[in-house]
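Keep in mind that what you see is a predicted model, and the values were worked out from it rather than measured.
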Amino acid sequence: MIEMPAIAGLTIAKRTSDCVEVAVGPEAGEGVFLRLLFWLPRGHELSFYDQYFPGTSGDPGAYVDVQRKNDWFLYHMGNHGWSSDWATQSPELLAAWMALNLQAKPGNSEPLKQIGVRENAQLPEAFTRKQ
């Protein structure tokens, strides 16, 4: 069972045996997301919707999955039948990316209101290769 620390601006909205849905409050920002990322244990996956991604399948937006290994992170995106390869990214940029999505994009009513955290996530190949 996922045990998250108390982080101001984030509350657990729903819990299952291997996943939590985290409600994002109005006071959340880059610092809140950075704290969440640094908490994220290995083997867990954080997911959010990026309303700004233009989309390649006609549907705007992309679902972003993030996993942590030590002090670096991998992410990939996907939506309706397509997905990107896993790529590395700094926690600071990932936190800024999530914060960008707090404000609704004009013509899109899906600002970031929830984040999923799932345990027992399948590790990307980059995590399972020997370093």
Side-chain angles (χ1 to χ4, degrees):
M1 179 177 276
I2 298 172
E3 293 298 328
M4 283 184 48
I7 301 175
L10 303 178
T11 56
I12 295 178
K14 182 179 176 184
R15 183 185 296 274
T16 65
S17 63
D18 66 347
C19 185
V20 294
E21 290 179 15
V22 179
V24 178
E27 66 276 24
E30 286 181 46
V32 167
F33 298 134
L34 198 55
R35 184 162 179 216
L36 178 66
L37 288 165
F38 280 125
W39 161 81
L40 188 68
R42 180 176 167 90
H44 287 55
E45 188 167 86
L46 179 148
S47 301
F48 69 95
Y49 178 71
D50 175 19
Q51 64 184 327
Y52 288 95
F53 187 79
T56 58
S57 61
D59 286 330
Y63 295 91
V64 181
D65 299 321
V66 177
Q67 291 190 26
R68 177 182 181 183
K69 182 175 185 180
N70 301 323
D71 289 334
W72 56 284
F73 295 79
L74 287 181
Y75 77 95
H76 80 120
M77 302 180 294
N79 194 356
H80 293 276
W82 67 269
S83 65
S84 68
D85 290 333
W86 287 90
T88 57
Q89 192 49 262
S90 72
E92 293 82 7
L93 194 136
L94 290 168
W97 189 2
M98 288 188 271
L100 171 68
N101 277 280
L102 290 170
Q103 298 298 320
K105 176 182 171 183
N108 185 344
S109 61
E110 294 189 53
L112 185 60
K113 298 285 187 202
Q114 99 176 14
I115 296 170
V117 178
R118 181 172 57 96
E119 63 184 345
N120 300 318
Q122 183 175 352
L123 294 173
E125 182 181 332
F127 277 14
T128 57
R129 287 192 308 247
K130 289 195 175 197
Q131 301 282 324

Enquirer: Can you name the nearest heavy-atom pair linking Gly61 to Trp82, along with the distance?
Expert: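 Distance-wise, the nearest heavy atoms are O-CZ2, 4.4 Å.
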
Enquirer: Got a sec, which residues hit salt bridge (charged side-chain N to carboxylate O under 4.0 Å, His left out) with Glu30, two or more places apart in sequence or on another chain?
Expert: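 Result, salt bridge (charged side-chain N to carboxylate O under 4.0 Å, His left out) vs Glu30: none returned.
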
Enquirer: With rounding to the nearest 0.5 Å, note down the distance linking CG in Leu34 to CG in Leu94.
Expert: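 Interatomic distance, Leu34 CG to Leu94 CG, rounded to 0.5 Å: 9.5 Å.
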
Enquirer: May I ask you to check whether over 12 heavy atoms, not counting those of Gln122, lie within 6.0 Å of atom CD?
Expert: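 No, not enclosed.
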
Enquirer: Can you tell me how far apart OG (Ser47) and CE (Met77) are? Round to the nearest 0.5 Å.
Expert: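 Those atoms lie 13.5 Å apart.
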
Enquirer: Give me the atom names and distance for the closest heavy-atom approach of His44 to Glu119.
Expert: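 Distance-wise, the nearest heavy atoms are NE2-CB, 3.4 Å.
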
Enquirer: Test side-chain contact (heavy atoms from CB on, under 4.5 Å) on Met98 and Val24 and set out the steps.
Expert: CA-CA 10 Å; Met98 288 188 271; Val24 178; over 6 Å; no

Enquirer: Write down the atom of Val66, the atom of Leu40, and the distance for their closest heavy-atom approach.
Expert: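 The answer is O-CD2, 3.8 Å.
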
Enquirer: Looking at every heavy atom in both Gly29 and Ala99, which two are closest together, and how far apart are they?
Expert: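 Scanning both residues completely, I find the closest heavy atoms to be C-CB, 4.4 Å.
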
Enquirer: Grouping I, L, V, M, F, W and Y whenever their side-chain heavy atoms are under 4.5 Å apart, do Leu36 and Leu93 come out in a common cluster?
Expert: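 No; Leu93 is not reachable from Leu36 via cluster members.
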
Enquirer: Suppose we screen for side chain to side chain contact (heavy atoms under 4.5 Å, CB included). Which residues come up paired with Thr11, at least two apart in sequence or across chains?
Expert: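 Only Ala23 meet the side chain to side chain contact (heavy atoms under 4.5 Å, CB included) criterion with Thr11.
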
Enquirer: Hydrophobic cluster membership, with links at side-chain heavy-atom distances under 4.5 Å among I/L/V/M/F/W/Y: are Tyr49 and Leu46 in one?
Expert: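 They do not share one cluster, since no chain of ILVMFWY contacts under 4.5 Å joins Tyr49 to Leu46.
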
Enquirer: Can you sort out the partners of Asp71 under side chain to side chain donor-acceptor pair (under 3.5 Å), two or more places apart, ordered by chain and number?
Expert: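 Testing Asp71 for side chain to side chain donor-acceptor pair (under 3.5 Å), a comparison that skips the adjacent residues, returns Arg68.
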
Enquirer: Side-chain heavy atoms nearer than 4.5 Å, only ILVMFWY residues, links allowed to pass through others: does that put Val117 and Tyr63 together?
Expert: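 No, Val117 does not connect to Tyr63 through the hydrophobic network.
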
Enquirer: Under the salt bridge (charged side-chain N to carboxylate O under 4.0 Å, His left out) test, which residues partner Arg118, sequence neighbours left out?
Expert: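 With sequence neighbours excluded, Arg118 shows a salt bridge (charged side-chain N to carboxylate O under 4.0 Å, His left out) to Glu45, given in chain and number order.
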
Enquirer: Using side chain to side chain contact (heavy atoms under 4.5 Å, CB included) as the criterion, list what pairs up with Gln114, not counting sequence neighbours.
Expert: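 Here the qualifying residues are Glu21.
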
Enquirer: Can you name the residues that form a ring pair (Phe, Tyr, Trp, His ring centres under 6.0 Å) with Phe38, not counting sequence neighbours?
Expert: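 Partners of Phe38 by the ring pair (Phe, Tyr, Trp, His ring centres under 6.0 Å) criterion come out as none, since no residue qualifies.
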
Enquirer: Holding to salt bridge (charged side-chain N to carboxylate O under 4.0 Å, His left out), I want the full list of residues that pass it with Asp85, two or more places apart in sequence or in another chain.
Expert: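 Asp85 satisfies salt bridge (charged side-chain N to carboxylate O under 4.0 Å, His left out) with no other residue.
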
Enquirer: What's the spacing between Gln51 CD and Leu112 CG if we round to 0.5 Å?
Expert: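 Separation between the atoms: 8.5 Å.
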
Enquirer: Going by side chain to side chain contact (heavy atoms under 4.5 Å, CB included), name the residues that satisfy it together with Val32, two or more places apart in sequence or in a different chain.
Expert: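 Applying side chain to side chain contact (heavy atoms under 4.5 Å, CB included) to Val32 gives Ile7, Leu10, Ala28.
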
Enquirer: Is any side-chain heavy atom of His76 less than 4.5 Å from a side-chain heavy atom of Ser84?
Expert: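 A side-chain contact exists here, since the closest heavy-atom pair is under 4.5 Å.
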
Enquirer: Are Ile115 and Ile12 linked, directly or through other ILVMFWY residues, by side chains that come within less than 4.5 angstrom of each other?
Expert: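 Yes, same cluster.
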
Enquirer: For residues 92-121, pull every pair meeting ring-ring contact (aromatic ring centres under 6.0 Å, His included), keeping only residues two or more places apart or in separate chains.
Expert: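 Matches after skipping sequence neighbours: Phe48-Trp97, Tyr75-Trp97.
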
Enquirer: Could you state the interatomic distance from CG (Asn79) to CZ (Phe53), rounded to the nearest 0.5 Å?
Expert: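 Result: 9.0 Å between the selected atoms.
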
Enquirer: What pairs of residues pass the salt bridge (Lys or Arg N to Asp or Glu O under 4.0 Å) test when at least one of them lies in residues 8-19, not counting sequence neighbours?
Expert: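 Residue pairs with at least one partner in residues 8-19: there are none.
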
Enquirer: Kindly indicate whether the side chain of Asn101, heavy atoms from C-beta on, has any atom under 4.5 Å from the side chain of Tyr52.
Expert: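 Yes, side chains in contact.
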
Enquirer: Apply side chain to side chain contact (heavy atoms under 4.5 Å, CB included) to Ser17 and list each qualifying residue two or more places apart in sequence or on a separate chain.
Expert: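 Partners of Ser17 under the side chain to side chain contact (heavy atoms under 4.5 Å, CB included) test: none.
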
